[in-house]
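Beneath this line is the structure, given in structure tokens, with notes to follow.
Residue numbers start from 1 in every chain, and the chains themselves are labelled A, B, ... in the order their sequence lines are given, proteins ahead of strands.
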Amino acid sequence: MPELAEVEVVRRNLVRWWLDSSATDVRILDERVLSDTTPSAIEAALRQDVKELSRRGKYLFAHLADDTVIVFHFRMTGKLVLAGVPEPKYARLSWLVDKSGWIVFKDQRCLGEVRLLGKEEFKEYEPLQKMGPEPEDITVEDLNSTCSKRRMLKSALLDQSVVAGVGNIAISELFWRVKLAPKVRCGELSDEDWESLVQEMPLYFDEVIEKSMGDEIFYQNEAGMENIFRVYGHAGESCPRCGGEIEKMKVAGRVSYYCGSCQG
DNA sequence: GCCTATGTTGCCGG
DNA sequence: TCCGGCAACATAGG
Ligand SMILES: [Zn+2]
């Protein structure tokens, strides 16, 4: 569940479930999700009031009353959901907020992480220092200075120091919107391509956020979820723009979906 | 058993 | 040095 859009949806849900509140009960179910911290430190942190919930790229931050910060990263399968019980399937860490219910960090593959940072540590947190601009802030000039001509565009955009929050699904969807071939190199884009890319990135993420929010109160995104994407996961089907066949190909280590007729 | 998976990091060879 | 490819992490589902 973890690209910029999904993390932002979680953040907005947490504003409703958790902001200005604290945990009255904490269950640490699998210590492997804790990075550089201890169960007792996390429990003490969760029992404080949350003053702000922020996001940067694919990272989510809960800012606490004493200015320490809980950092969440969901990797491939992590997510935060609201549940009526503390131990639904794949639950690794759960805390009870009286006004909402159990907030549960679920993570099937257990690659995600929860970390605690002091005020100063947060300011110097290396992944934040290195992270590129958010899609809504990035400019063509930014990309021209960070993307070398020889590099494949997919590889550059997946690099979180170039732009924050882009993942493998967004790649297929953005390349389709801008009509770029999956293996295009940065030096092969026209000025118009770069302008279009910079324009489409925030539009794409806003659209996914909107579609993922719905008006459900609870964040449930499991089986039965329809495919909201235009080309990702649609191999063998028709391109919504030109009717050509959607194909897939491994690029930069991951599968890209694309229309063989109208891209590139 | 096979293959796949919305992420990241580190190693290898060109 | 930069780049692409790939294994690794850990786990389950098809
Ligand atoms: Zn097409």
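Distances shown here put every side-chain N or O of A/Lys250 at or beyond 4.0 Å from the OP1 or OP2 atom of C/dG5. Contact check, A/Arg75 against C/dT11: no side-chain N or O comes under 4.0 Å of OP1 or OP2. Taking only side-chain nitrogens and oxygens, A/Tyr90 comes nearer than 4.0 Å to OP1 or OP2 of C/dG13. Distances shown here put a side-chain N or O of A/Lys89 below 4.0 Å from the OP1 or OP2 atom of C/dG13. Under 4.0 angstrom from either OP1 or OP2 of C/dG4 there lies at least one side-chain N or O belonging to A/Arg185. Here A/Ser155 reaches the OP1 or OP2 of C/dG4: one of its side-chain N or O atoms lies under 4.0 Å away.
The CG-C1' distance, from A/Asp159 to B/dG10, rounds to 14 Å in whole Å. In this structure, the NE2 atom of A/His73 is 9 Å from the P atom of B/dG7, given to the nearest Å. Distance CE (A/Met131) to P (B/dT9): 10 Å, rounded to an integer number of Å. Taking atom CG of residue A/Leu4 and atom P of nucleotide B/dT8, one finds them 11 Å apart after rounding to whole Å. Between the CE atom of A/Met249 and the C1' atom of C/dG5 there is a distance of 16 Å, rounded to whole Å. Taking atom CE on A/Met152 and atom C1' on C/dC2, their separation rounds to 13 Å, with Å as the unit. Put simply, OH on A/Tyr59 is 18 Å from P on B/dT6, counting in whole angstrom units. Between the C1' atom of C/dC9 and the CG atom of A/Asp30 lies a distance of 14 Å, rounded to the nearest Å.
Within the structure, side chain to side chain donor-acceptor pair (under 3.5 Å) contacts touching residues 63-74 of chain A (residues at least two apart or in different chains) are A/Gln48-A/Asp66, A/Ser54-A/His63, A/Asp66-A/Thr68.
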Output a table of donor-acceptor pairs, distance under 3.5 Å, between side-chain atoms of residues 252-261 of chain A and any protein atom two or more places apart or on a different chain; print 'none' if there are none.
| residue | atom | partner | partner atom | Å |
| --- | --- | --- | --- | --- |
| A/Ser256 | OG | A/Lys154 | NZ | 2.8 |
| A/Tyr258 | OH | A/Glu247 | OE1 | 3.3 |

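Note: A/Glu207 CD to A/Leu203 CG = 8.5 Å, rounded to the nearest 0.5 Å. Here the CH2-CG distance, from A/Trp194 to A/Leu143, works out to 5.5 Å after rounding to the nearest 0.5 Å. Distance CG/A/Asp142 to OG1/A/Thr139: 3.0 Å, rounded to 0.5 Å.
Checked by atom type, the side-chain pair A/Glu113/A/Ser35 shows a donor-acceptor distance below 3.5 Å. Checked by atom type, the side-chain pair A/Arg115/A/Tyr125 shows a donor-acceptor distance below 3.5 Å. No hydrogens or angles considered: nothing links the side chains of A/Ser196 and A/Asp193 as a donor-acceptor pair under 3.5 Å.
Legend: residues meeting salt bridge (Lys or Arg N to Asp or Glu O under 4.0 Å) with A/Arg55, ordered by chain and number and at least two apart, are A/Glu8, A/Glu134.
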How does DNA chain B look in dot-bracket form if you count Watson-Crick and G-U pairs under 3.5 Å, write [ ] for pairs that cross, and put | where a base pairs with another strand?
-> .||||.||||||||
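As judged by a 4.0 angstrom heavy-atom cut-off over every strand, A/Ala5 is placed among residues making no nucleic acid contact. No engagement by A/Gly253 is indicated, since no non-hydrogen atom pair under 4.0 Å with the nucleic acid exists.
Side chain of A/Lys58, nearest nucleotide from C/dG13, C/dC3, B/dT8: B/dT8.
Contact check for A/Lys130 versus A/Gln160: no side-chain heavy atoms found under the 4.5 Å cut-off.
Ring to ring, A/Phe61 and A/Phe72 are not that close: their centroids are 6.0 angstrom or more apart.
Comparing C/dA7 with B/dC2, their P atoms are spaced 14 Å from each other, to the whole Å. Taking atom C1' on both B/dT6 and C/dC3, the two are 24 Å apart, rounded to the nearest angstrom. Atom P of C/dG5 sits at a distance of 16 Å from the matching atom of B/dT4, rounded to the whole Å.
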Please write out the pairs of protein N or O atoms and N or O atoms of nucleotides 12-14 of chain B separated by less than 3.5 Å, giving the distance to one decimal.
none

Polar atom pairs between nucleotides 3-5 of chain B and protein, under 3.5 Å, N or O only, would you list them?
| residue | atom | partner | partner atom | Å |
| --- | --- | --- | --- | --- |
| B/dA5 | N3 | A/Arg109 | NH1 | 3.4 |

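More than 12 non-hydrogen atoms from other residues, nucleotides or ligands lie less than 6.0 angstrom from CD of A/Gln129.
The aromatic rings of A/Tyr232 and A/Phe229 lie perpendicular to each other, with more than 60° between the two planes, well past the 30° mark.
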